[in-house]
Structures are given as C-alpha cells and as structure tokens.
Trainee: 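Take a look at the following structure, please.
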Amino acid sequence: MKNGTLVRKAGVAAIAMLSAAGAGTTRALAMSQSQESAKNGAVVVEERYFCNVKALNADQRKRHEELTRKLLAKHREVVETEKGYEFQYAPEDVSVAEVAEWVGAESKCCPFFDFHIDLEKQGRLVCLRLTGGTNIKTFIRSEFGLKELSPNAK
C-alpha cells in the first residue's frame, strides 16, 4: 500500500470517527467513500458540499454542538421552501442571538450554506432559513435528519 493511499484512508477514517463521536454536524459523512475525499481537513461531499472539521477549536465546537442540539430540539416548525428549509422558533425558546451565534460557527464549517435570519410576526417568531446550490435540500435533510416534507414546496 502506498503512503498516500494509507494517509488518505486514515484521514477518511479519522473524519468518520469524529462524526460518529458527535464532533461535527456532518451526518453526510456516512455517504460512500467514492463520493467524498479528504483534503486539508475538509471533507468533500459530492464534490460540492464540504464540512471543514478543523474550522472550530475544541471549545468552539462544543458550544456549536450545544446550539445545534438546541436548535434541532426547539423548532416549532420546519417549512420546506423552493431553495431550502426554514426552521421556526419561539423567541422564548431560541433567541435571535443564539441563531446568529450558530450561523457564525456553521458558516466556518459549512461555507456553502446561504443563511437567512428573520424576526417575524412582531417579534413572536424567529426564523432560520438555510438555502444553497443544487441538491442543497438533500444535504440539509441528511444533515439535520429531516424527512422530505412535500413535493410542492414553495
């Protein structure tokens, strides 16, 4: 076995272990090895979407994981849009500041997302919309454990 092949396989294995241990929000890493490659600490998924597992230090990653768990647990509703998904929260459950903090960290790990934060209904609804390029909905469903909501998304 050549050293380059061994290093590449070790890198992919390390990233998979980090993902399994909850070190990132990259459930998409479970995709087949033929669809991903490790390059300089980044994982390329379908040669388009990648999560940079080295973007956050240990303390930042721990805080980001806490916020991720909270955002996934506290959403009131998930609305499928034409270009992605919108997560809706009650401001007493999740603040605009917490959503903004999560977006700041997530944008370092996953720069391919387009993030939209809205405060709607006279301050009674905090919204986080994730959009992006081709097949971003598939990635979001995989990443955040969502089911396909409807074929007639707005």
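The figures here come from the full heavy-atom set of this structure, side chains too, leaving out hydrogens, waters and symmetry mates.
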Trainee: Counting C-beta onward and ignoring hydrogens, is there a side-chain heavy-atom pair between Thr131 and Phe113 closer than 4.5 Å?
Mentor: no

Trainee: If you round to the nearest 0.5 Å, how far is CD of Gln88 from CG of Asp93?
Mentor: 13.0 Å

Trainee: Just how far is it from atom CD of Glu98 to atom NZ of Lys74, taken to the nearest 0.5 Å?
Mentor: 10.0 Å

Trainee: Going from CD on Glu101 to CZ on Arg63, what distance comes out if it is rounded to the nearest 0.5 angstrom?
Mentor: 4.0 Å

Trainee: Where do Ala100 and Ile117 come nearest, in terms of heavy atoms and distance?
Mentor: CA-CD1, 3.8 Å

Trainee: Are there over 12 heavy-atom neighbours, none belonging to Lys70, within less than 6.0 Å of that residue's NZ?
Mentor: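 More than 12 within 6.0 Å, yes.
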
Trainee: Check whether any side-chain heavy atom of Asn52 lies under 4.5 Å from a side-chain heavy atom of Lys108, and answer yes or no.
Mentor: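 Asn52 does not reach Lys108 side chain to side chain.
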
Trainee: Do Thr138 and Arg141 make a side-chain contact, defined as non-hydrogen atoms from C-beta onward lying under 4.5 Å apart?
Mentor: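 Yes, their side chains come closer than 4.5 Å.
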
Trainee: Out of curiosity, Glu80 CD to Glu86 CD, how far, rounded to the nearest 0.5 Å?
Mentor: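 That separation rounds to 12.0 Å.
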
Trainee: What distance do His64 atom NE2 and Asn57 atom CG have between them, rounded to the nearest 0.5 Å?
Mentor: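 Interatomic distance, His64 NE2 to Asn57 CG, rounded to 0.5 Å: 12.5 Å.
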
Trainee: Under a 4.5 Å side-chain heavy-atom rule over Ile, Leu, Val, Met, Phe, Trp and Tyr, are Leu125 and Tyr85 clustered together?
Mentor: no

Trainee: Can you name the ring pair (Phe, Tyr, Trp, His ring centres under 6.0 Å) partners of Tyr89, sequence neighbours left out?
Mentor: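 Partners of Tyr89 under the ring pair (Phe, Tyr, Trp, His ring centres under 6.0 Å) test: none.
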
Trainee: Specify the closest pair of heavy atoms between Cys109 and Leu56, including all atoms of both residues, with the distance to one decimal.
Mentor: SG-CD1, 3.6 Å

Trainee: Please examine the side chains of Phe115 and Arg129, heavy atoms only from C-beta on, and report whether any two atoms are closer than 4.5 Å.
Mentor: no

Trainee: Is the distance from the ring center of Phe144 to that of Phe87 below 6.0 Å?
Mentor: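 Under 6.0 Å, so yes.
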
Trainee: Measuring from atom CG of Leu71 to atom CD of Glu106, what distance do you get when rounded to the nearest 0.5 angstrom?
Mentor: 9.5 Å

Trainee: Using every non-hydrogen atom in the two residues, find where Cys51 and Cys110 come nearest and quote the distance to one decimal.
Mentor: SG-SG, 3.2 Å

